[in-house]
Amino acid sequence: MAKIIQKHNECIGCGACAAIDPINWEMVGDKAILRGAELKNGIYEKKSDNVTLSKDAANACPVQCIIIEE
């Protein structure tokens with residue numbers, strides 16, 4: 001199982017993650033949020049069995065605020 005992490009304060013709201021992986025990401029206001037995760041100290045994180053699309057989202061993020069830990 002892998003962990004998806006988003007440094008929410010660094011998000012610039014480009015929407016690439018939500019376009020690539022709408023199962024895990026959505027745009028709320030002017031920033032993306034990680035679905036099913038709680039914001040703690042500016043960080044969203046959750047565990048997932050399938051992070052293939054979130055890896056693509058992390059690679060597309062222009063500010064690299066998405067991290068996948070396997």
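The structure presented is a predicted model; accordingly, all values stated were derived computationally and were not measured. For this chain, numbers begin at 1 and follow the sequence in order.
Counting only distance, with no hydrogens or angles, the side chain of His8 and the backbone of Ala32 share a donor-acceptor pair below 3.5 Å.
Side-chain contact between Leu53 and Asn24 is absent, with no heavy-atom pair separated by less than 4.5 Å. Residues Ser54 and Ile66 form no side-chain contact, since every pair of their non-hydrogen atoms from C-beta on lies 4.5 Å or further apart.
When every heavy atom of Val51 is checked against every heavy atom of Ala2, the shortest pair comes out as CG1-CB, 3.8 Å. When all heavy atoms of Tyr44 and Leu34 are compared, the closest pair comes out as CB-CB, 3.9 Å. Between Gln64 and Ala58, the shortest heavy-atom contact is NE2-O, 3.3 Å.
Within 6.0 Å of NZ in Lys7 there are 12 or fewer heavy atoms belonging to other residues, nucleotides or ligands.
Clustering ILVMFWY residues whenever any of their side-chain heavy atoms sit less than 4.5 angstrom apart, transitively, puts Ile23 in a cluster other than the one holding Ile68.
Here the options are Met1, Lys3, Lys55, the test is side-chain contact (heavy atoms from CB on, under 4.5 Å), and the partner is Glu70; only Lys55 passes.
Applying the under-4.5 Å side-chain rule to Ile, Leu, Val, Met, Phe, Trp and Tyr, the cluster around Ile5 extends to Ile43, Ile67. Residue Ile12 shares its hydrophobic cluster (ILVMFWY side chains chained together at separations under 4.5 Å) with Val63.
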Check against salt bridge (Lys or Arg N to Asp or Glu O under 4.0 Å), Lys47 and Glu69 | CA-CA 9 Å; Lys47 293 182 179 179; Glu69 291 182 352; over 6 Å; no
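Residue pairs satisfying the salt bridge (charged side-chain N to carboxylate O under 4.0 Å, His left out) criterion with at least one member in residues 16-37, sequence neighbours excluded, are listed as follows: Glu26-Arg35.
For the residue pair Asn50/Thr52, the side-chain donor-acceptor check at 3.5 Å is satisfied.
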